[in-house]
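Below is one structure, written out as structure tokens, with a few remarks after it.
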There are 2 protein chains.
Amino acid sequence: MTTRIETLPALAEVFREHGYAGASLALISAATGLGKGSLYHLFPGGKAEMAACVLAEIDAWFETNLYRPLREQDPPEQAVSDMFDAVEGYFRSGRRVCLVGVLALGTSRDLFAEAVRGYFARWVAALADALRRAGHGEAASAALAEEVVAQIQGAIVLSRALDEPALFTRALATLRSRVATAAG
Amino acid sequence: MTTRIETLPALAEVFREHGYAGASLALISAATGLGKGSLYHLFPGGKAEMAACVLAEIDAWFETNLYRPLREQDPPEQAVSDMFDAVEGYFRSGRRVCLVGVLALGTSRDLFAEAVRGYFARWVAALADALRRAGHGEAASAALAEEVVAQIQGAIVLSRALDEPALFTRALATLRSRVATAAG
DNA sequence: CTAGCTTTGTACCGATCGGTACAGAGATGA
DNA sequence: TCATCTCTGTACCGATCGGTACAAAGCTAG
């Protein structure tokens, strides 16, 4: 007996590695160790439901581990620093791709438009909130938050493309100090 | 009678929109208006050859319109500014996705690893060269160039995800002024 | 006009796609 | 022990995949 939740990490990896279109049921079956019967028992909606569940779990993880601390934790400077730690770990120093980013670039964006939009919108909003609490102006916080999230996504692309995980770590370090020195 | 070169823009759009795996011959056939017979006559190697040709053309375009000016044009500040103009136009203010970035995130990265690596490596190197000529230190130029290219890629992801093309334009403007004020 | 070439549409190939049907295995409660 | 319900492996569905074969169509040289 296997629960939905137990399969989500394996599912997420398949979607990350192969994208939504490329994640065939054969791959999913191999990754989870479950036959089609079990898969469709757990996810009657098929691939679409699997992807939606994975996105929901990712969103929940980020909400708990990033967004909420950014909004509520004190001091905000510490929350921002913790965010960078969490990001570094979550993306395995750039070796792991951002599934939401992958979906945003593909055609499947339309299928999961709301989830994809929400993920990034909340990230930017939560980070902007922390920056504001740290003394930045309203506009400056929003702009800097956007910049930081974009830089993280770009660093994933670039470090993958150059096959150079150190680039990701380096980019995060640079961002860290930029945010710190910009702090009023 | 159709030449390979004439089909490349349509091919590129299909790969951009659907990724390598998602670009089926049916889609390619519809986008180019060519039947399978013609496609395999022009590209005996099939999809792989089509994608390779598209990548080669992209690479050539960037070499001509971005990398070479960055390396050779004087003054370097103008070359950098021109690069931002070219990027803004090429990516249609964030509405158009970067095919090389898409490939870098997917499994197809392995198929085109060298092309993907070269594209970004040359971009970063050319930009770093211009920054150095503009008076930045060796290390600072390399770091800033990396940061700028990553930020561009991230801005594409973010502006697509939020369905907000203005974000891309805004990010480029910010980068512009950052590069200018950092200039020594 | 015809012979010979290039270009193209179409039919077809085996493989795989996402999804369904269903029988049987495994657990569960009485 | 037996009936019941949850779970799972397998066979199968039509559709589509990338790719091939090939004949007809269009062009060009003589």
Side-chain angles (χ1 to χ4, degrees), chain A residues 1-57 99 102-103 105-113 115, chain B residues 1-57 99 102-103 105-113 115:
Chain A
M1 159 155 66
T2 313
T3 95
R4 280 157 67 120
I5 294 179
E6 291 171 320
T7 72
L8 292 183
L11 280 177
E13 280 309 310
V14 176
F15 283 121
R16 255 189 275 270
E17 285 299 313
H18 301 89
Y20 181 72
S24 70
L25 286 186
L27 283 171
I28 292 173
S29 186
T32 58
L34 266 49
K36 285 191 182 187
S38 312
L39 286 174
Y40 273 85
H41 177 71
L42 291 173
F43 303 95
K47 258 176 73 171
E49 188 175 350
M50 299 179 202
C53 283
V54 167
L55 280 178
E57 207 207 27
L99 173 57
V102 170
L103 292 181
L105 290 181
T107 334
S108 38
R109 181 186 69 135
D110 306 328
L111 255 171
F112 308 105
Chain B
M1 158 156 66
T2 313
T3 93
R4 283 157 66 120
I5 294 179
E6 291 171 318
T7 72
L8 291 184
L11 280 178
E13 279 309 310
V14 176
F15 284 121
R16 256 189 275 269
E17 284 300 312
H18 301 88
Y20 181 73
S24 70
L25 286 186
L27 284 171
I28 292 172
S29 186
T32 58
L34 267 48
K36 284 191 181 187
S38 312
L39 286 173
Y40 273 85
H41 176 72
L42 290 173
F43 304 95
K47 258 175 72 171
E49 187 176 350
M50 299 179 204
C53 282
V54 167
L55 281 178
E57 208 207 25
L99 174 57
V102 170
L103 293 181
L105 290 180
T107 335
S108 38
R109 182 186 68 137
D110 306 328
L111 255 170
F112 307 106

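Residue numbers start from 1 in every chain, and the chains themselves are labelled A, B, ... in the order their sequence lines are given, proteins ahead of strands. Note that these values count all heavy atoms, side chains included, but never hydrogens, waters or copies made by symmetry.
Among L25(A), T32(A), L42(A), the one residue that satisfies the side chain to side chain contact (heavy atoms under 4.5 Å, CB included) test with M50(A) is L25(A).
Proximity of L55(B) to F15(B): side-chain heavy atoms (C-beta onward) are nowhere separated by under 4.5 Å.
What you find for T107(A) and E17(B) is that their closest heavy atoms are OG1-O, 2.7 Å. V102(B) and R16(B) make their closest contact through CG2-O, 4.5 Å (heavy atoms, listed as atom of the first residue, atom of the second, distance). In terms of heavy-atom proximity, E49(A) sits nearest to G45(A) at OE1-N, 2.5 Å.
Between L42(B) atom CG and dG18(D) atom P there is a gap of 17 Å when expressed in whole angstrom units. The interatomic distance linking E49(B) (CD) with dG19(D) (P) rounds to 11 Å, in whole Å. Taking atom OH on Y20(A) and atom C1' on dG18(C), their separation rounds to 9 Å, with Å as the unit. In this structure, K47(B) atom NZ and dT20(D) atom P are separated by 14 Å, rounded to whole Å. If you take CZ of F43(A) and C1' of dT8(D), they are 15 Å apart, rounded to a whole angstrom.
Between the S38(A) side chain and the L34(A) main chain, no donor and acceptor come within less than 3.5 Å of each other. With hydrogens and angles ignored, the 3.5 Å screen pairs no side-chain donor or acceptor of E13(B) with any backbone N or O of A10(B).
Scored by the ring pair (Phe, Tyr, Trp, His ring centres under 6.0 Å) test, F112(A) finds Y20(A) as partners (sequence neighbours excluded).
Proximity of residues 34-41 of chain B to DNA chain D (heavy atom under 4.0 angstrom from any strand atom) is restricted to K36(B), Y40(B). Contacts between residues 21-32 of chain B and DNA chain D, defined by a heavy-atom separation under 4.0 Å, are made by A23(B), S24(B), L25(B), A26(B).
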